[in-house]
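Here the structure is laid out as structure tokens; the discussion comes afterwards.
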Amino acid sequence: MAEILLIEDDFDLAEMIQAFLKQKGHHCVHSEDPVTALQHIQSEKLKPELILTDLKMPRMSGIEILQQLKKNQINIPVIVITSNRSMETAVEAIHEGAFDYVVKPLNLAQILITLERALYLSRLQGENQTLKTALQIKEGTNLPDVKGKSPQFLKVLELAKRVASSTAHILVTGESGTGKEVIARTIHKLSARAKKPFVAINCSAIPEQLLESELFGHAKGSFTGAIDKKIGLFEEAEGGTLFLDEIGDLNLQLQAKLLRVLQEKKYRRVGENQQRDANVRVISATHKDLAEEVKKGNFREDLFFRLNVIPIKIPTLRERKEDILPLADFFLKKFSSLNGRDNLSFTKEAVQWLLSQHWKGNVRELENTIERAVVLCQGNQIPVEDLREFEAMETTKSPLDFLDTASADPTEVLTLDQITKNYIKLVLNKNNGAREKTAKDLAIDRKTLYRKIQEIEAEGQTVGAL
Amino acid sequence: MIDQEVLKKYVTRRQEDFEKCLLAFAKRNYADIEMIGHKMKGNGTTFGFPELSELGESLENGAVAKDHDLLKLKLDEFKVWLSGKSSLAH
């Protein structure tokens, strides 16, 4: 049995085809209006396995339907119905991607054969794609950012693969630096939305008062400073995936708005009355225990259940030690290439050291350590000292070293702001880029820390181990 | 292979079309006759009535040419065709 969409403005023909397909065990939905039918396909209200469409219709031709499907990268086999006087158009339809055509006067047996052939081929293509993806995951090919062969990590990848084709919302959890965004990107890449945008936002990095407009956009003049209209991230991610990192930091007011979008698949720009459709898959992530936040009253329970349809927990690096060396090799190749250093390898002691570390900053800390070692390494082998260089540097540093100025002028006085930024950089380095811990150590909230980091970066400075 | 119930509905709708054509003919509303003729031309043979497709084509052409005599002749043929199919209609 297949779900078939019939787009035909001739009611008599539609009724006949519908009755016939029903008799043959298929479920056929009829739409007289091609424009509405296309909208329903785009918004996924209709998810047909096959489209049977007339070529000549008043509001939109079959050719235009094919062009729109192609433009929106919707891969559904289409069979066009044409009169025997418009064979040229039928040929054009094939060029535009139609699977086949049937000619009026219609022969129902012929329609059935053509339709079942298209369904068979389409299912074969689907199976082929699934097998290819499974192979890519197994071999780690075509997913350049995803490395790891431990059973724990493969389980995460397997789950990512299985959920990729669905439209369910996903909540990715795990410690800082475990690769939550990498998994979100992988799910997007393996999904039917892969050719549409993947848009990521860190909810704790944007000031609360700007976040709503960032997510939903705003109309010109909707608030002070809104000098022009702005499209939001939901609009930017249309048809694709929106990754909401640190969702646990979203305030309750925005949680309510997000819940409405997820329920109704509609949103409004700030300062506008017009409802807009949101065809976006939301993947959210947090390092927090959201169930605990719900108990504390910091997070809406209904939103938690909405987002947590499929939970994916990424294991820490210390829980999957067998991934440390493959990851280290991957980062070694990456940074060797970036720094023009060929044939670098680790000494035996360095390998042992890598395996013995706790990696509280997880993959991100490992990546930073390798990058630093590649830069510092003078020979062809990275010794354990280069890996530990940062550790050593930190232990010899005075807590007041952040007062150092790069300037040779001894009379130069640092501003308070500069001292603050230098100190933030120092603590960030000490914590291997772990922002949560840095914010905690500095007794400031994460938003303030992110704002400071953005200011530092805007000044053209790097913020060390991030 | 065509569902009998669907076939009955089809013939019933042609009776309705015939009445619409008569009204349009009286009002010299050729556009309505052209549209009805065009549809009959497109689907008649599919329902097993090639003669209806031919009739539809003549009605469409007659309406485009505003050929009153031709239309009168074809509407008479339409009436005869319908009377022959009365057992099929609802």
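Convention: sequence-line order gives letters A, B, ...; per-chain numbering from 1.
- A salt bridge is absent between A:Lys196 and A:Glu238; no separation between the charged side-chain nitrogens and carboxylate oxygens falls under 4.0 Å.
- With a 6.0 Å radius and a threshold of 12 heavy atoms from other residues, nucleotides or ligands, A:Asn273 has its CG atom at or below the threshold.
- By the 30° and 60° cut-offs, the orientation of the rings of B:Phe18 relative to B:Phe78 is perpendicular.
- Inspection of the A:Tyr267 and A:Asp277 side chains reveals no N or O donor paired with an N or O acceptor under 3.5 Å.
- The contact between A:Gln23 and chain B is made entirely by side chain atoms (from C-beta outward), counting heavy-atom distances below 4.5 Å.
- Residues of residues 30-42 of chain B lying under 4.5 angstrom from chain A, judged on non-hydrogen atoms, are B:Lys39, B:Lys41, B:Gly42 in numerical order.
- At least one side-chain heavy atom of B:Leu75 sits under 4.5 Å from a side-chain heavy atom of B:Leu59.
- Looking at B:Asp3, the atoms closer than 4.5 Å to chain A (heavy atoms on both sides) all sit in the side chain, from C-beta outward.
- Counted by atom type alone, A:Ser166 and A:Arg281 present one or more donor-acceptor pairs between their side chains at under 3.5 Å.
- The side-chain heavy atoms of A:Ile4 and A:Pro48, taken from C-beta on, include no pair separated by under 4.5 Å.
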